[in-house]
Student: 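Please see the structure below; I have some questions.
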Amino acid sequence: MQSQQSESPPTFLPYLSKRFNTLTWACLDADLHKSAIFYAERYFALDHGNHDARHLYATAMLRANQPHSALHLVNLPQDQRCNGCFEIKAKCCSTLGRHRQAREALEDILKNATTEVPAVSPDQRGARTFPEEAVLHCRSGLTALKGNLPDQARSSLLRALALNPMIWEAFEGLCGLGSVPEIEELFPSRPPPIKRTSPDEQLMTKPTHPPIPTATGAGFFTPDTGNTGNLFRRPEPINALPVRMGKLGPRDSMLTDDTVSHLPEISILQAHQRAKGGVMPSSRALSSADEGGPALKKLRSTARGVEKASKPVAAVDDARSKKARARPALTLVNLFSSAGRRPQPTVASSRHAPATGNRSDRDGNASGVGTRRSARLMGTGNKPPMPSKPPPVRDRRRPRTRTRSQSTESEDEPVPSGDATHSQSPQSVTLSPRSDTSPAPSNWTASQEQAAQEAYEVELADQYIYDLMRLFASATRALAMYNTALCMEELDKLPHVHQRSPYVMAMVGKAHYERTDYTSAERAFQAVRALDPYRLWDMEVYSTLLWHLQRPVQLSFLAQELLSIEPRSPQAWIAIGNTFSLQKERSQALTCFRRAQQLDPTCAYAFTLAGHEFIDEDLDKAILSFQMALRADARHYNAWYGLGTCYLRKCKIRMAEYHYRMAAEIHPNNAVLLGCVGMAVERRGDREGALTLFNEAVKLSPENALVRYRRAKMLISMKRYEVAVRDLERLRDSSPDESNVIFQLARAYRLIGDEVQSARMLAIARDLSPKSSKKIQKLMETVKDEEVGDDERMRVE
């Protein structure tokens, strides 16, 4: 942890900031407020001194109906505020009804009109009148989750993550269902990005097999060029990507206009036919069988005319080959070589193969050039047929227009003749005999090197966000499955700047709370309150934690603060209800819990706490409250536990055991729930099975006094007094003021024949509980009866 505290910000921080900025605004535009807050908090934790990060975080809070937290973020000292802070402060004050303060903030902006205003979103975003498919699936899944439709919710949320893995709310919804796939399945690990190099270096280090196309600065949430800023789009397979053979520019990225992106190698025929509106053929690698093009039927009458036509055309073809060497074909080959693949020797022939025999004379040539091309495409040793008229030289030398795209120029490029015309396998441009004497100059300039470095740093930023999200997803999934040890391990892997964020500290507090480590949980929630004093989320857990710790003053103060922040929040009324419950005012507590239920009918915790208040008064009403809680959240294990307690008090042992087991299945690492299952099994008469469950519970939580006490009573009933005495002595040392432990220890001493220790423990019990003299006397009589019974059994034997 000390090494993390001294960590320096990443070198690609500007690109990382831009990524976080764009991703957060995309979530805000899609009304995914929790996802926006998640990413904005990561951005703000990474760079606290950045006002853009502060403004973005505050804007996300304000959109999520948390104006107090947003105001706290921008309410800086006077010398540190900017016009952006004043603007957000004005919005927060207007939302809170503090109109005079809002006017003062706006007046401050007008006074500082000459000062540069840091924009909340420097990038232009395209608005969408209708959300895309991934967002709709996410909303559908979250709505089904609230409507208690788990199967439909899981299907929709999984579909949303399949379309866009960056929707954090969809993943949280899956965690709420409890059926979360493995992290590697949802978010597979990605290899580190590789920086692009010059084409010469790529040719020197070219792989023997076709490489995986590397990213060109296009991130996993980067919009397409024509997608108007929409970030929720999974990258398509490489054979479905369009090829742009014109001016190179940013592809699916948020880079500047001077950034050059290198496209992966795709067939030229695909780009040409797409530009002409033709039908796309199926994409596959060129094989040796494809080099010859389509098989053509040769005529005997024209086979002998090739020798006569080849001589007058040889000089013209030689001149054409010289012209072709300086044309954009070299640029095209370099572009393909930059993708790390060896240039195919049939690039020219493959794009002309479908048009053999039927294409028009766009270069002003007669059928002579077309015949030579068809002969090359056939790839045989026979000579091509004699043309009816040799093409004029002036038509071949006609200058080309510069306005056509690169794909058109490369297609209209004349094919060199000469020896290559009669060879069985056509040679590529880079492998021509003249390439050795005059190699093509490299197009890798300083601007391209800078663009490659920028693209590499953008990919590093993408990788940073993706790996960070994987860590958070793993910790969130572990907490949802109540694997608190794994959750703490994953949170410990986070960078230190993110560990001190409110979201992470709240997760730490809930993890310690589920482990019944209430002291550590209290420290974590105190850190949350220090980082975000106006936070409402997770405060119902904190109030219940203070109830368990018997902290009436802190609990009352928390309830008053939450009520002043948002009187219509269920967290505030749950905290007030816990305050009354701690003071044994059950009617007032029930009133507060009902108010919380009215404010949020999906709040299962409010129904559960009301059911616990009903247990000692009306078991039927308690059962109804617990059932309502399960309708709101079927994985709320506290409601299952409450139902088990109600049925156990009604002496419905089988029903109690079923509900206890359901609670333990949801939270398998809770020792108290395993102890409750053991207690129900013991009441059913299976003492050995109950003892096994108690042993598992003690192994899970050795410091849990309740589980150890129940095991000690079980051991006394099974006449294993020595083991019971060891458990009771440990409980006496940890809880010396617990009179029940002293009573049971006195009983165990008396049963093993240690009268002195038994009398001593009974004296301590009288001092701890003077009103329990009748209970002590009854205990001594019961022990004597058991001893008499044992003596009589020994006599019979």
Side-chain angles (χ1 to χ4, degrees), residues 14 17-18 20-125 127 229 497 500-503 528-537 539 558 560-569 571-572:
S17 302
K18 192 171 184 179
F20 274 125
N21 195 314
T22 310
L23 180 57
T24 305
W25 273 113
C27 296
L28 289 176
D29 293 340
D31 292 331
L32 300 175
H33 297 148
K34 289 186 177 180
S35 300
I37 289 176
F38 174 77
Y39 292 113
E41 185 177 342
R42 307 281 68 75
Y43 181 22
F44 181 65
L46 193 66
D47 191 2
H48 274 282
N50 189 346
H51 270 247
D52 286 339
R54 185 180 296 273
H55 299 163
L56 190 61
Y57 190 18
T59 302
M61 283 289 188
L62 184 60
R63 293 278 190 94
N65 198 21
Q66 303 293 320
H68 286 90
S69 297
L71 183 60
H72 174 70
L73 286 170
V74 297
N75 198 14
L76 300 173
Q78 189 69 27
D79 57 341
Q80 299 180 10
R81 296 182 187 178
C82 63
N83 285 350
C85 296
F86 284 121
E87 181 184 1
I88 297 177
K89 179 182 178 182
K91 293 180 180 180
C92 295
C93 292
S94 298
T95 304
L96 296 172
R98 305 174 185 176
H99 301 292
R100 293 185 179 181
Q101 296 182 14
R103 180 187 175 277
E104 293 176 359
L106 294 175
E107 290 294 332
D108 290 333
I109 297 177
L110 295 176
K111 292 178 183 179
N112 302 328
T114 58
T115 308
E116 182 181 358
V117 180
V120 177
S121 177
D123 299 333
Q124 294 182 355
R125 309 185 316 278
V497 293
R500 294 296 300 173
S501 61
Y503 185 87
V528 173
R529 297 278 296 166
L531 293 170
D532 188 0
Y534 299 96
R535 183 183 180 91
L536 293 174
W537 297 310
M539 289 299 105
L558 175 66
Q560 292 178 12
E561 280 201 332
L562 295 179
L563 189 64
S564 63
I565 293 172
E566 181 52 71
R568 294 181 297 274
S569 64
Q571 294 89 351

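For the numbers below, each heavy atom of this structure counts, side chains included, while hydrogens, waters and symmetry mates do not. Numbering of residues begins at 1 and proceeds along the displayed sequence.
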Student: How long is the span from the CG atom in L23 to the SG atom in C27, to the nearest 0.5 Å?
Tutor: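 Answer rounded to 0.5 Å: 4.5 Å.
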Student: Do Y43 and N50 pair up side chain to side chain, a donor and an acceptor below 3.5 Å, judged on atom types alone?
Tutor: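 Present: a donor and an acceptor within the cut-off.
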Student: Please report the shortest heavy-atom distance between E41 and Y503, naming the atom on each side.
Tutor: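 Answer, listing the atom of E41 first, then Y503: OE2-N, 2.9 Å.
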Student: State, to 0.1 Å, how close A60 and A40 come at their nearest heavy-atom pair, and which atoms those are.
Tutor: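 Minimum heavy-atom separation between A60 and A40: CB-CB, 4.3 Å.
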Student: For the OG atom of S17 and the CG atom of D52, what is their distance to the nearest 0.5 Å?
Tutor: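 The OG atom of S17 sits 8.5 Å away from the CG atom of D52.
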Student: Please assess L62 against C92 for the test side chain to side chain contact (heavy atoms under 4.5 Å, CB included), listing each intermediate value before the final yes or no.
Tutor: CA-CA 7 Å; L62 184 60; C92 295; 4.0 Å; yes
Student: Could you walk me through whether W537 and Q66 pass side chain to side chain contact (heavy atoms under 4.5 Å, CB included), step by step?
Tutor: CA-CA 10 Å; W537 297 310; Q66 303 293 320; 3.7 Å; yes
Student: Closest approach of R535 and S69, non-hydrogen atoms and distance?
Tutor: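 Scanning both residues completely, I find the closest heavy atoms to be N-OG, 4.1 Å.
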Student: On a heavy-atom basis, which atom in L536 and which in Q571 lie closest, and how many Å separate them?
Tutor: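 The pair with the smallest heavy-atom distance is O-CG, 3.2 Å.
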Student: Between CD1 of I565 and CD of Q560, what distance do you get to the nearest 0.5 Å?
Tutor: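 Here the rounded value is 12.0 Å.
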Student: Distance-only criterion, 3.5 Å: show the donor-acceptor pairs between side-chain atoms of residues 70-79 and protein atoms not counting sequence neighbours.
Tutor:
unit_1	atom_1	unit_2	atom_2	d
N75	OD1	R81	NH2	2.8

Student: Indicate the atoms forming the closest heavy-atom contact of S569 with L562, along with that distance.
Tutor: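 Distance-wise, the nearest heavy atoms are OG-O, 4.4 Å.
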Student: I need the minimum non-hydrogen distance between L56 and F20, along with the two atoms involved.
Tutor: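 Scanning both residues completely, I find the closest heavy atoms to be CD2-O, 4.2 Å.
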Student: Taking only distance into account, with no hydrogens and no angle test, what donor-acceptor pairs under 3.5 Å do side-chain atoms of residues 99-106 form with protein atoms, sequence neighbours excluded?
Tutor:
none

Student: Can you tell me how far the CG atom of L563 sits from the CZ atom of R568, to the nearest 0.5 Å?
Tutor: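 Interatomic distance, L563 CG to R568 CZ, rounded to 0.5 Å: 11.0 Å.
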Student: Can you tell me how far the OH atom of Y39 sits from the CG atom of L28, to the nearest 0.5 Å?
Tutor: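 One finds 12.5 Å between OH of Y39 and CG of L28.
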Student: For F86, does the CZ atom have more than 12 heavy-atom neighbours from other residues, nucleotides or ligands under 6.0 Å away?
Tutor: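 Counting other residues, nucleotides and ligands, CZ of F86 exceeds 12 neighbours.
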Student: Quick one, T59 and W25 - any side-chain contact, counting heavy atoms below 4.5 Å?
Tutor: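 Side chain of T59 against side chain of W25, heavy atoms only: contact under 4.5 Å found.
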Student: What distance separates M61 CE from I88 CD1, expressed to the nearest 0.5 Å?
Tutor: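 Atom-to-atom, M61:CE and I88:CD1 are 12.5 Å apart.
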Student: With sequence neighbours excluded, what pairs up with F44 under the ring pair (Phe, Tyr, Trp, His ring centres under 6.0 Å) test?
Tutor: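 Checked F44 against ring pair (Phe, Tyr, Trp, His ring centres under 6.0 Å); matches are H48, Y57.
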